Trainee: 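After the structure tokens below, expect a handful of questions from me.
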There are 2 protein chains.
Amino acid sequence: MHPELKIQPLRYVLAIVDEGGFHAAARHLHRTQPALSMAVRELEQRLGEPLFEKGGKATLTPFGAYCLPRFRELVTQHDRVSRDLVARVEKRAGHIDMAAVPSVASRLMPRLLSDFIQRYPDLRVSLHDGNADFVGRMVAGGEVDLGISSLWQADAELDFYPLMRDAIGVVCREDHRFADRQALSWQELQGEVLIRNGTSRLLSGTGAEPLLAQSAFDISNMISLNAMLEAGIGITTLPRLAFPEECARLRFVPLSEPYVERQIGLICRVDVSLSPAAAAMRQHLVEHLGEQTREADKPS
Amino acid sequence: MHPELKIQPLRYVLAIVDEGGFHAAARHLHRTQPALSMAVRELEQRLGEPLFEKGGKATLTPFGAYCLPRFRELVTQHDRVSRDLVARVEKRAGHIDMAAVPSVASRLMPRLLSDFIQRYPDLRVSLHDGNADFVGRMVAGGEVDLGISSLWQADAELDFYPLMRDAIGVVCREDHRFADRQALSWQELQGEVLIRNGTSRLLSGTGAEPLLAQSAFDISNMISLNAMLEAGIGITTLPRLAFPEECARLRFVPLSEPYVERQIGLICRVDVSLSPAAAAMRQHLVEHLGEQTREADKPS
DNA sequence: TAAAATGATAAGGTCTTCTTATCACCCTGC
DNA sequence: GCAGGGTGATAAGAAGACCTTATCATTTTA
């Protein structure tokens, strides 16, 4: 029906008009003059009507004059699209977007990222943090290449590669009666002032749930939580990784019976390829975290 | 800098997405499936990032999803331009736009056009009429392919091919004293009521000019002019071709001393190619009018 | 009138882009 | 479990697009 115009010959025509001749255009395009002659002839017979006058000079026919602005428009849009796409590729090529839960982001990532950019000095990383739900949504929505989080629920859209296990324990002040215990069972927590926090839902479905249900506080902000614990207002449960080690007056006591842990792992979209940079990051994370499973607290 | 995207592969990508697979798209495009595979691979490495997921199925990568609307936009515009251009070619291919002075348009063109469309039944002709100035402007402005007119002034933009000569004469009613004369000289017109008309300026620069300068009327409309002549109000001068032969009561008497004629010819833009159809028309006109020069009235 | 510059053309090489034939894989149904 | 029909990927070869060098025919310039 309608012919398939290639962009190149259109560009030639524009150059011939703009430069005022085949030779000048050829020089400008780093091509030889016959190349333009032939390309133009090809285009002309594809359109069914000449674009340039036959008489020696590079003058447009009326039809050619009619075509020119359309050619220019088409070439311009082509270049705009092309430039936009490579810009996106190049921007994303050296860039990794990640999301992680705060404990991982603040405890593990600094050293991991520092090692990573030492290995790949040209890559850039953006790290967002938020709760497990947030991380999951970021990955699922494609806003982020990789996520590091605990598995909060199965999702057919997401792949989960377990990296490490993180045992839940009790956090209390150094002068608390639990402070020097090596382990605790849930029953012993009866009667304590238990503060819920963002990680408490990890315990839902375990024997610890009823205990948490009667807790008086629910503090999601870690700074506030630390302050309350240091003030001796109560105790809380946290995964060991989330335990604020910089607070010298707090102690972490692993729990058992039942033993509860969270599984921390790498999340990415299933059936969606990673950029080379993101794949390198995943590789790096698996290498550095894969073996190191926090099972120290697990009862033998 | 930015890669040269060809339209074809973009079209392939769209088809693969729309048809839901390489095979279906290949069938739809009348290509084989490997052709699409390879074209897509080529495009991918030109962009520097894959468009489809590797895993067997024809699923877009996030980058591919980003590209898709831009591809579609570009292909759509390409098709719009392509379709528009060939439509114009096809419309103009079988179409000739002409302009002629009224005498030619009404006296010569009917038979010429009738012969012409008999020779080329597929071609269509538009004929505009107006004075010589109008015809010249139509041709020069490219609004018309060919013009038939007297040469009113040299114009470097226009080519003039003389076709026929048309002698100026006096037109009067059958009962006028000039009516049965075989010839007249300008001097004999002294004292007559002379009506100027649109063709009178053909006489400027000749000995007849002073006579016309003192004329009382200037009638540009041929119908009005005929009415005045038939009413016996006066006489006028006209080229023979413009003499209204359908008016039985009017007579045409050639003038001499000085003999004045207008040169009627074909006008087209210099250095601008004619469409094949217009070239055929020019050929036809030259064949049918070229020999037939109205010299019968010229004094021997 | 000689020289330079224009665009057109011819022959040849290289790269692109198809084709056919085949592979490796996944899913389905018996 | 294991054919059979589906997917897309790959290899080898033919056809064509595209560019180059070399040359021609005109026109313009000096």
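Predicted model only: the values in this text are computed from it and were never measured. In the text below, chain A, chain B and the rest are named by the order of the sequence lines, each starting its count at 1.
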Trainee: Using 4.0 Å as the upper bound for N to carboxylate O, is an ion pair formed by Arg119(B) and Glu287(B)?
Mentor: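 Arg119(B) and Glu287(B): salt-bridged.
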Trainee: Can you check whether Lys6(B) has a side-chain N or O nearer than 4.0 Å to OP1 or OP2 of dT16(C)?
Mentor: no
Trainee: Rounded to the nearest Å, what distance is computed from the NE2 atom of residue His30(A) to the C1' atom of nucleotide dC19(D)?
Mentor: 15 Å
Trainee: Output the rounded distance in Å from CG (Leu51(B)) to C1' (dG8(D)).
Mentor: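 Result: 15 Å.
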Trainee: Does a salt bridge link Arg124(B) with Asp97(B), judged by any charged N lying under 4.0 Å from a carboxylate O?
Mentor: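 Result for this pair is no, no salt bridge flagged.
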Trainee: Quick check on contacts: within residues 12-23 of chain A, what sits under 4.0 Å from DNA chain C by heavy-atom distance?
Mentor: Gly21(A), Phe22(A), His23(A)
Trainee: Do Asp84(A) and Tyr66(B) have side-chain atoms, one donor and one acceptor, less than 3.5 Å apart?
Mentor: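 Tyr66(B) and Asp84(A) do have a side-chain donor-acceptor pair below 3.5 Å.
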Trainee: Suppose we screen for side chain to side chain contact (heavy atoms under 4.5 Å, CB included). Which residues come up paired with Arg282(B), at least two apart in sequence or across chains?
Mentor: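 Result, side chain to side chain contact (heavy atoms under 4.5 Å, CB included) vs Arg282(B): Leu146(B), Tyr161(B), Leu266(B), Cys268(B), Leu274(B), Val286(B).
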Trainee: Tell me, please, which residues at least two apart from Asp129(B) pass side chain to side chain contact (heavy atoms under 4.5 Å, CB included).
Mentor: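 Partners of Asp129(B) under the side chain to side chain contact (heavy atoms under 4.5 Å, CB included) test: Pro102(B), Ala105(B).
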Trainee: Output the rounded distance in Å from CZ (Arg41(A)) to C1' (dA10(C)).
Mentor: 10 Å
Trainee: State, with a plain yes or no, whether a side-chain heavy atom of Met98(A) is found less than 4.5 Å away from one of Val125(A).
Mentor: yes
Trainee: Round to a whole Å and report the spacing from CD of Gln45(A) to P of dT9(C).
Mentor: 11 Å
Trainee: Arg27(A) side chain: which of dT6(C), dC19(D), dG7(C) is closest?
Mentor: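 The listed nucleotide nearest to Arg27(A)'s side chain is dT6(C).
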Trainee: Could you go over nucleotides 21-23 of chain D and give all protein N or O partners under 3.5 Å, atom names and distances?
Mentor:
none

Trainee: Rounded to the nearest Å, what distance is computed from the CD atom of residue Glu4(B) to the P atom of nucleotide dT17(C)?
Mentor: 12 Å
Trainee: How bent is the helix from dT1(C)-dA30(D) to dC30(C)-dG1(D), measuring the angle between the end axes built from five pairs each, rounded to 10°?
Mentor: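 Between the first-five-pair axis and the last-five-pair axis there is 20°.
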Trainee: Please state how far atom CD in Glu42(B) lies from atom C1' in dC15(C), giving the value in whole angstrom units.
Mentor: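 My rounded result for the distance is 11 Å.
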Trainee: According to salt bridge (Lys or Arg N to Asp or Glu O under 4.0 Å), does anything in residues 13-35 of chain A pair up with another residue at least two apart or in another chain? List the pairs.
Mentor: Asp18(A)-Arg72(A)
Trainee: Considering just the side-chain nitrogens and oxygens of Ser37(B), establish if one lies under 4.0 Å of OP1 or OP2 belonging to dG8(D).
Mentor: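 So the side chain of Ser37(B) is outside the cut-off, no N or O lying under 4.0 Å from OP1 or OP2 of dG8(D).
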Trainee: Can you tell whether the side chains of Glu4(B) and Arg11(A) come within less than 4.0 Å, N to carboxylate O?
Mentor: yes
Trainee: Expressed in angstrom and rounded to an integer, what is the separation of Met38(B) atom CE from dT17(C) atom C1'?
Mentor: 6 Å
Trainee: Would you please classify the geometry between the Phe116(A) ring and the His284(A) ring as parallel, tilted or perpendicular, with 30° and 60° separating the classes?
Mentor: perpendicular
Trainee: Please report the distance, rounded to the nearest Å, between CZ in Arg31(A) and P in dA17(D).
Mentor: 18 Å
